[in-house]
Protein chains: 2
Amino acid sequence: MSLASLPDAYRQAPFDEGCAPRRLLRLFSGKWVTMILHTLHLLGGASRPGALLRSIPGLSKKMMTQTLRELEEMGLVAREVHQVMPPVVEYRLTVLGRKIIEPVEMLYRWGAEHAVVLDRVDDNVARARKGG
Amino acid sequence: MSLASLPDAYRQAPFDEGCAPRRLLRLFSGKWVTMILHTLHLLGGASRPGALLRSIPGLSKKMMTQTLRELEEMGLVAREVHQVMPPVVEYRLTVLGRKIIEPVEMLYRWGAEHAVVLDRVDDNVARARKGG
DNA sequence: TGCCCCGGGTACCAAAAGGTGCCCACAGGA
DNA sequence: TCCTGTGGGCACCTTTTGGTACCCGGGGCA
């Protein structure tokens with residue numbers, strides 16, 4: 001089968017750097033990006049850094065802050081500082097962030113529903129490394 | 001909102017390393033993994049390395065081979081060597097591979113349909129870096 | 001006064017990922 | 001004979017990524 005016989009959207013779409021799907025993948029490639037977006041979403045769209053940190057085992061303070069800064073720069077997350085004493089900080093998904101949540105949730109849902117598939121993948125790797 | 005008020009699948013699902021969604025994400029985190037799976041799928045489920053290489057601009061021979069080896073180890077792709085002269089090699093998606101294609105296609109489709117959203121993200125980043 | 005919480009920042013380091021360049025054998029065409 | 005293309009391997013280097021450890025100021029608490 002050649003590329004020429006495929007529908008238009010397929011023929012052009014994923015075949016250069018800078019196309020939409022590859023940009024989306026790059027966005028999600030950070031180790032904690034989707035975790036944080038997803039958790040923020042689960043927690044109702046907003047939450048305080050402390051709560052976020054405790055919700056994601058393995059996430060370090062540094063990586064959380066760093067990832068949140070990047071998400072802020074992309075306009076996916078907004079940082080609100082409530083001027084009380086002591087200062088309360090809250091991160092919430094922006095409108096754009098709530099859009100990006102869609103593919104994140106798709107992925108998480110698929111993953112949760114097809115854990116068996118992933119188990120099989122891991123089994124294959126384990127057997128390949130042992131057996132040869 | 002607290003975690004306790006959420007449905008079960010959500011409360012436990014993505015909150016530890018090794019849960020299904022995070023494993024799926026790790027699988028997709030390689031720069032060329034989804035590109036190769038997707039292209040293999042578009043090309044009809046199988047193709048020769050040369051064709052694959054030419055279909056994905058920016059992909060180097062080394063990275064292609066390396067990624068294909070990993071996919072083979074995971075049992076997502078099968079390598080067939082036709083014993084003719086010169087040897088013809090073909091990679092095709094396995095049954096497991098055709099399962100994993102599902103979330104890949106979801107992502108690619110969403111990306112293609114929501115390019116505007118990704119444009120906005122890039123704009124935000126550009127403006128953030130300029131303005132300050 | 002010491003201690004822990006909060007939210008955050010920074011310096012430094014280790015590991016992983018990715019990319020380039022060069023190598024192999026074999027075959028066909030000029 | 002040289003150059004092309006096929007399918008692949010390996011050495012090396014750079015960049016990116018992620019993680020640890022330590023720092024700040026402020027407040028509550030014993």
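A, B, ... follow the sequence lines: proteins, then strands. Residue 1 opens every chain.
At the phosphate of C:dG7, OP1 or OP2 sits under 4.0 Å from a side-chain N or O atom of A:Arg48.
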Kindly list each side-chain donor-acceptor pair under 3.5 angstrom involving residues 117-126 of chain B, sequence neighbours excluded, with atom names and distances?
unit_1: B:Asp119; atom_1: OD1; unit_2: A:Arg23; atom_2: NH1; d: 2.9
unit_1: B:Asp119; atom_1: OD1; unit_2: A:Arg23; atom_2: NH2; d: 3.1
unit_1: B:Asp122; atom_1: OD2; unit_2: A:Arg23; atom_2: NH1; d: 2.9
unit_1: B:Asn124; atom_1: ND2; unit_2: A:Met74; atom_2: O; d: 3.0
unit_1: B:Asn124; atom_1: ND2; unit_2: B:Arg120; atom_2: O; d: 3.4

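At whole-Å resolution of the value, CD in B:Gln66 and P in C:dT20 are 13 Å apart. Atom pair A:Glu17:CD and C:dG19:C1' shows a separation of 13 Å (rounding to whole Å applied). Summarising the geometry, the separation between CE on A:Met63 and C1' on C:dA11 is reported as 16 Å, rounded to the nearest angstrom. In this entry the distance linking CG of B:Leu59 with P of C:dA17 reads 17 Å, nearest Å. Atom-to-atom, CZ of A:Arg22 to C1' of C:dG18 comes out at 13 Å; the value is rounded to the nearest Å. For the pair A:Ile56 CD1 and D:dG18 C1', the interatomic distance rounds to 15 Å; values are reported in whole Å. What separates NZ of B:Lys31 from C1' of C:dT20 is a distance of 13 Å, to the nearest Å.
Applying the salt bridge (charged side-chain N to carboxylate O under 4.0 Å, His left out) test to B:Glu73 and every residue at least two apart in sequence or in another chain returns A:Arg129.
Taking OG1 of B:Thr65 as the reference point, atom CD of B:Glu70 lies at 11.0 Å (rounded to 0.5 Å). Rounding to the nearest 0.5 Å places CD of B:Glu17 at 11.0 Å from CG of A:Leu59.
Backbone-only contact: A:Arg54 has heavy atoms under 4.0 Å from sugar-phosphate atoms and none from a base.
Scanning both residues, A:Met64 and A:Leu52, for their nearest heavy atoms gives SD-CB, 4.0 Å.
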*Could you go through the side chain to side chain contact (heavy atoms under 4.5 Å, CB included) check for B:Leu42 and B:His38 one step at a time?*
CA-CA 6 Å; B:Leu42 289 193; B:His38 180 243; 3.6 Å; yes

Under 3.5 Å, which protein N or O atoms sit close to an N or O of nucleotides 8-13 of chain D? Give each pair with its distance.
unit_1: D:dG8; atom_1: OP1; unit_2: B:Arg79; atom_2: NE; d: 2.7
unit_1: D:dG8; atom_1: OP1; unit_2: B:Arg79; atom_2: NH2; d: 2.5
unit_1: D:dG8; atom_1: OP1; unit_2: B:Tyr91; atom_2: OH; d: 3.1
unit_1: D:dG8; atom_1: O6; unit_2: B:Lys61; atom_2: NZ; d: 3.2

